[in-house]
Amino acid sequence: MNKFLSIALLLTFSWSISGQAKKVKVTLDQPQQCVSEDYKLVFHDEFNGEKLDTSKWYTFYPYGPVSQPDSCAFCRTHVSANIYRDENCILENGILKLKTDKIKGEWFGKSFDYTSGVVHSKQQFKTYSKYEIRCKLPKGKQQWPAFWIFGWNTEIDIFEFICKGTEKIEFSIHNWMSDKCPNDNPKKGAPCYSSQSKIIDFDIDFSKEYHTFSVEYEPHMIKYYIDDIMVRYVPKYYDLKGRPVNNCNIKPGEYLMEPSFPNYGEPVQVIANQSQCRKHKEKKPVYPNYMEIDYIRVYQKEIQSGLQEIKMTK
């Protein structure tokens with residue numbers, strides 16, 4: 001773990017001065033203040049029951065009609081090479097197993113060679129939050145496990161292992177900015193899009209043991225953690241020389257803003273999914289294969305309307 005800590009600290013400082021998207025000049029008329037409260041648990045699933053709690057989770061992407069939210073081609077396939085099936089979400093000894101298997105099937109007239117599992121929260125989160133999962137990743141390079149939040153215009157990928165094995169993690173932020181697209185957008189009339197991603201090889205096989213992955217989405221910073229060690233942070237504001245503003249108490253003035261930073265207040269939902277890669281370099285792929293989840297938790301400092309603090313029993 002000392003080796004991991006050394007790598008994490010190195011990445012934290014190197015990423016603090018890097019960025020991928022063109023920043024936008026903005027003027028802050030009012031001072032920006034920190035939120036000083038502690039995080040409080042507002043949503044969780046420890047997966048201790050005999051079957052998945054469907055009052056909390058969809059087992060598909062609910063983007064179809066309201067009456068039948070899984071009745072669309074995208075709802076059970078997304079961008080993967082598999083069909084998402086309810087039976088691929090398995091509870092066993094306090095663990096949720098999202099299973100990928102080599103089983104042929106058909107969805108909306110299209111054939112697939114694999115099935116897999118996804119959980120998508122029914123609860124929406126409308127304020128700054130901390131999102132956390134404790135899990136063990138599936139083996140091999142043929143899998144695409146991910147833990148993320150999505151809200152149409154906002155996406156924060158707490159982690160993705162995109163078909164490169166269980167050591168290379170991608171951390172991403174995506175923002176579809178709709179009408180806020182700058183005039184120099186190269187695709188006239190196209191949706192405005194900004195993204196910031198990093199793929200890092202930690203030299204640790206995350207399929208060997210359980211690890212805790214989390215993101216703290218705060219007003220002026222997005223912080224990524226693995227096992228309580230901060231491994232990346234993305235500030236919202238930079239000074240006019242492009243240096244990150246790391247203090248959350250920000251004075252009025254002119255700044256550069258990271259355009260991929262989320263739109264505050266937009267409802268997002270929590271997603272954990274296991275996908276089959278369309279192409280991979282695995283000579284002897286493992287099936288069935290599992291993403292094993294111990295728990296998923298969401299915390300907030302200022303609790304949104306409709307939620308309340310949850311006291312965990314030991």
Trainee: Any side-chain to backbone donor/acceptor pair from Thr154 onto Gly151? Under 3.5 Å, distance only.
Mentor: no
Trainee: Under the ring-ring contact (aromatic ring centres under 6.0 Å, His included) test, which residues partner Tyr210, sequence neighbours left out?
Mentor: none
Trainee: Quick one: CD on Gln30 to CD1 on Ile250, what's the gap to the nearest 0.5 Å?
Mentor: 13.5 Å
Trainee: Which residues pass the ring-ring contact (aromatic ring centres under 6.0 Å, His included) test with Tyr39, sequence neighbours left out?
Mentor: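 Testing Tyr39 for ring-ring contact (aromatic ring centres under 6.0 Å, His included), a comparison that skips the adjacent residues, returns none.
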Trainee: Classify the side-chain pair Gln123/Ser121 by whether it contains a donor and acceptor separated by less than 3.5 Å.
Mentor: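 No, because no side-chain N or O of Gln123 sits under 3.5 Å from a partner of the opposite role on Ser121.
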Trainee: Tell me, do Tyr238 and Glu258 make a side-chain contact under 4.5 Å, heavy atoms counted?
Mentor: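 Contact flag for Tyr238/Glu258 side chains = yes.
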Trainee: Filter on ring pair (Phe, Tyr, Trp, His ring centres under 6.0 Å), then keep only pairs touching residues 283-302, sequence neighbours left out; what's left?
Mentor: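 Qualifying pairs, neighbours excluded: Tyr114-Tyr287.
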Trainee: Does any N or O in the side chain of Arg232 come within less than 3.5 Å of the main-chain N or O of Phe171, such that one atom is a donor and the other an acceptor?
Mentor: yes
Trainee: Checking side-chain polar atoms at under 3.5 Å, does Ser275 have a donor or acceptor matched by the opposite partner on Asn273?
Mentor: yes
Trainee: On the 0 to 90° scale, with breaks at 30° and 60°, tag the Tyr237-Tyr255 ring pair as parallel, tilted or perpendicular.
Mentor: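 Tyr237 vs Tyr255 ring planes: tilted.
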Trainee: Using ring-ring contact (aromatic ring centres under 6.0 Å, His included) as the criterion, list what pairs up with Phe261, not counting sequence neighbours.
Mentor: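 Counting only residues at least two positions away or on another chain, Phe261 forms no ring-ring contact (aromatic ring centres under 6.0 Å, His included).
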Trainee: Please determine if Lys168 forms a cation-pi arrangement with Phe202, meaning its NZ or CZ atom is less than 6.0 Å from the six-membered ring centre and no more than 45° off the ring axis.
Mentor: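 The answer is no, since Lys168 fails at least one limit relative to Phe202.
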Trainee: Tell me every residue that passes salt bridge (Lys or Arg N to Asp or Glu O under 4.0 Å) with Lys104, counting only those two or more places apart in sequence or in another chain.
Mentor: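 In terms of salt bridge (Lys or Arg N to Asp or Glu O under 4.0 Å), with neighbours along the sequence ignored, Lys104 is linked to Asp113.
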Trainee: My understanding is that only residues two or more places apart in sequence, or in another chain, count here; which of them pass salt bridge (Lys or Arg N to Asp or Glu O under 4.0 Å) with Lys311?
Mentor: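 If we apply the salt bridge (Lys or Arg N to Asp or Glu O under 4.0 Å) test to Lys311, skipping adjacent residues, the hits are Glu309.
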Trainee: Does any pair with a residue in residues 209-284 pass disulfide bond (SG atoms under 2.5 Å apart), and if so which ones, sequence neighbours excluded?
Mentor: Cys34-Cys248, Cys163-Cys277
Trainee: Could you tell me if Gln276 and Trp144 have a donor-acceptor pair between their side chains, going purely by distance under 3.5 Å?
Mentor: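 No, no side-chain donor-acceptor pair sits under 3.5 Å.
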Trainee: With side chains defined as the heavy atoms from C-beta onward, is the minimum distance between Pro31 and Gln33 less than 4.5 Å?
Mentor: yes
Trainee: For residues 87-158, which residue pairs qualify under disulfide bond (SG atoms under 2.5 Å apart), counting only residues two or more places apart or in two chains?
Mentor: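 Sorted pair list comes back empty.
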Trainee: Does any N or O in the side chain of Lys164 come within less than 3.5 Å of the main-chain N or O of Ile199, such that one atom is a donor and the other an acceptor?
Mentor: no
Trainee: Under 3.5 Å, is there a donor-acceptor pair between the Thr59 and Asp86 side chains?
Mentor: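 Judged by distance alone, the side chains do pair up.
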Trainee: Within the 3.5 Å criterion, strictly below it, is a donor on Asn88 or Thr115 matched to an acceptor on the partner's side chain?
Mentor: yes
Trainee: Is there a side-chain contact between Ile293 and Ile95, using heavy atoms and a 4.5 Å cut-off?
Mentor: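 Ile293 does not reach Ile95 side chain to side chain.
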Trainee: Could you list the residues that satisfy ring-ring contact (aromatic ring centres under 6.0 Å, His included) with Phe147, not counting sequence neighbours?
Mentor: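 Result, ring-ring contact (aromatic ring centres under 6.0 Å, His included) vs Phe147: none returned.
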Trainee: Evaluate the criterion salt bridge (charged side-chain N to carboxylate O under 4.0 Å, His left out) for residue pair Lys136 and Glu209; output intermediate values, then yes/no.
Mentor: CA-CA 6 Å; Lys136 184 165 65 173; Glu209 297 178 339; over 6 Å; no
Trainee: Please identify which of these residues, Thr100, Asn82, Asn289, Thr77, meets the side-chain hydrogen bond (donor to acceptor under 3.5 Å, both in side chains) condition with Ser116.
Mentor: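 Running side-chain hydrogen bond (donor to acceptor under 3.5 Å, both in side chains) over Thr100, Asn82, Asn289, Thr77 with Ser116 returns exactly one hit, Thr100.
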Trainee: Take the angle between the ring planes of Phe161 and Phe159 and call it parallel below 30°, perpendicular above 60°, tilted in between.
Mentor: perpendicular
Trainee: Would you check if the distance from the ring center of His78 to the ring center of Trp148 is below 6.0 Å?
Mentor: yes
Trainee: Taking side-chain hydrogen bond (donor to acceptor under 3.5 Å, both in side chains) as the definition, give me every residue that meets it alongside Asp205, ordered by chain and number, with sequence neighbours left out.
Mentor: Thr166, Ser207
Trainee: Please identify each residue that fulfils salt bridge (Lys or Arg N to Asp or Glu O under 4.0 Å) with Lys301, with sequence neighbours left out.
Mentor: Glu218
Trainee: Provide the full list of ring pair (Phe, Tyr, Trp, His ring centres under 6.0 Å) pairs with a residue in residues 82-110, sequence neighbours left out, each pair given once.
Mentor: Tyr61-Tyr84
Trainee: Mind checking whether Tyr63 and His120 have parallel, tilted or perpendicular rings, split at 30° and 60°?
Mentor: perpendicular
Trainee: Within the structure provided, determine whether Phe47 and Ile296 are in side-chain contact (heavy-atom separation under 4.5 Å).
Mentor: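 Yes - at least one pair of side-chain heavy atoms lies under 4.5 Å apart.
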